[in-house]
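One structure below.
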Amino acid sequence: MPELPEVETTRRGIAPLVTGRRVASVVVREPRLRWPVPAALARGLTGQVIRSVERRAKYLLLRTAAGTAIIHLGMSGSLRLAAAADAPGAYDHVDIVFDDATSLRLRDPRRFGAVLWTTKPAEVHPLLQGLGPEPLDGAFDGDALYSRSRGRRAPVKAFLMDSRVVAGLGNIYVNEALHRAGVHPARAAGRISRARYAALARNIRATLEDALTAGGTTLRDFRAADGSPGYFAQRLRVYGREGEPCMRCRAPLRRRVIAQRSSFYCPRCQR
DNA sequence: AGAGGTACCTGGCAGC
DNA sequence: TGCTGCCAGGTACCTC
């Protein structure tokens, strides 16, 4: 579920609650996530103070003096602060317990998420190393997309979902940004002009910022760290709206699988 | 190098 | 009510 705005919403929710707190223990009830939760996580985190909570793409980074915990929410993960008396549920796989007995609790029914530990700078971790620019950074613009896209015949939708091209864009927001920019999702990435990539970059940024303002998108079960849902689902222009009229031109929206994922678009005003 | 397919795992929902 | 089949927000990894 979580794309960049949901991960960032989570980060903003937990950062003030865990920054400066000391880890007393780590409880791993189910280590079988995307990758096994390493024993080094508990060894490394215990006794450490959380210095900051940062985000790179869809990865959350809990930084300490000894190393960094890397957390990915996968498709169904969520994080919240649990009280000491709060009994864990069946999908509450990992608790990072603080010295006041509250804990940062990872819930992940589908277990596509991950919790890893690195003592090196997180930026050089294999999962983070090849990532493209952050779409909300000032440095991200259409030229970054244009120059990488030359010669690429893959659909622009697949191109934009490649985290080496731009970090953190998932299926929902790619659909939305392409609609806003008037670009057809199946168009070959290498056959889009510099000017249109500039518009696309602007619309990627605007879409993500709007979603952040709304607290993310709750389609099924996304919840922010405080349990509140995201309200961006009501503002989605194309995602999940097959057959409904395009908000711009009233033509019926279509759904089609592109790059193995559902794509929603307007056949009239996306070219 | 790039493109396309597969795999991981489980819940929710539509349709019968 | 219960069963079946389909669908899902991510992404590493494999092959061609």
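Here is the naming used below: chain letters follow the sequence lines, and residue numbers restart at 1 for every chain. Nothing here was measured: the structure is a model prediction, and the numbers come from that model. All values below were derived from every heavy atom in this structure, side-chain atoms included, with hydrogens, water molecules and symmetry-related copies excluded.
- Between the CG atom of Leu116(A) and the P atom of dT11(C) there is a distance of 13 Å, rounded to whole Å.
- From Arg105(A), atom CZ reaches atom OG of Ser78(A) across 11.0 Å, with rounding to the nearest 0.5 Å.
- Per the geometry, CZ belonging to Arg152(A) stands 12 Å off C1' belonging to dG4(B), to the nearest Å.
- Taking atom P on both dT11(C) and dA1(B), the two are 23 Å apart, rounded to the nearest angstrom.
- For Arg107(A) and dT10(B), the shortest distance from a side-chain N or O to OP1 or OP2 is not below 4.0 Å.
- Aromatic ring pairs are classed by plane angle as parallel below 30°, tilted from 30° to 60° and perpendicular above 60°; the pair Tyr173(A) and Phe232(A) is tilted.
- Contact between the side-chain N/O atoms of His72(A) and the OP1/OP2 oxygens of dG10(C) is not found at any separation under 4.0 Å.
- The separation between Gln260(A) atom CD and dA8(C) atom C1' is 15 Å, rounded to whole Å.
- For Arg22(A) (side chain) and Gly47(A) (main-chain N/O), a donor-acceptor pair under 3.5 Å exists by modelled atom type.
- Atom CZ in Arg164(A) sits roughly 12 Å away from atom P in dC13(C) (whole-Å rounding).
- Applying the 4.0 Å criterion to OP1 and OP2 of dA8(C), one finds that Ser262(A) has a side-chain N or O inside that range.
- Here Tyr265(A) and His179(A) keep their ring centres 6.0 angstrom or further from each other.
- Nucleic acid contact for Arg261(A): base, since at least one base atom lies under 4.0 Å from a heavy atom of the residue.
- Distance Phe159(A) CZ to dA1(B) P: 16 Å, rounded to the nearest Å.
- Counting non-hydrogen atoms under 4.0 angstrom, Phe232(A) reaches nothing in the nucleic acid.
- Ile204(A) CD1 to Leu145(A) CG: the interatomic distance, rounded to the nearest 0.5 Å, is 5.5 Å.
- Listed candidates were dG2(B), dC8(B), dA8(C). Nearest to the side chain of Phe112(A) is dC8(B).
- Of the residues in residues 28-36 of chain A, those with a non-hydrogen atom less than 4.0 angstrom from any atom of DNA chain C are Arg34(A), Trp35(A).
- A donor N or O paired with an acceptor N or O is found under 3.5 Å between the base of dC9(B) and the side-chain atoms of Arg110(A).
- Phosphate proximity of dG2(B) to Arg153(A): absent, as no side-chain N or O sits under 4.0 Å from OP1 or OP2.
- Atom CD1 in Ile258(A) sits roughly 17 Å away from atom C1' in dA8(C) (whole-Å rounding).
- Of the side-chain N and O atoms in Tyr59(A), none sit less than 4.0 angstrom from OP1 or OP2 of dG10(C).
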Query - Working for side-chain hydrogen bond (donor to acceptor under 3.5 Å, both in side chains), residues Thr102(A) and Arg21(A) - result: CA-CA 10 Å; Thr102(A) 63; Arg21(A) 308 278 297 280; 2.7 Å; yes
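- Distance OG1/Thr207(A) to CG/Leu212(A): 11.5 Å, rounded to 0.5 Å.
- The CG-P distance, from Asn171(A) to dC7(C), rounds to 14 Å in whole Å.
- At dC8(B), none of the side-chain N or O atoms of Arg111(A) fall inside 4.0 Å of OP1 or OP2 (strictly under the cut-off).
- With hydrogens and angles left out, the side-chain atoms of Arg256(A) and Ser263(A) include no donor and acceptor closer than 3.5 Å.
- Nucleotide dC3(C) forms a Watson-Crick or G-U wobble pair with dG15(B), both donor-acceptor distances falling under 3.5 Å.
- Here dT11(C) presents its P atom at 8 Å from CE of Met161(A), a figure rounded to the nearest Å.
- Under the Watson-Crick and G-U wobble criteria, each requiring two contacts below 3.5 Å, nucleotide dG9(C) is left unpaired.
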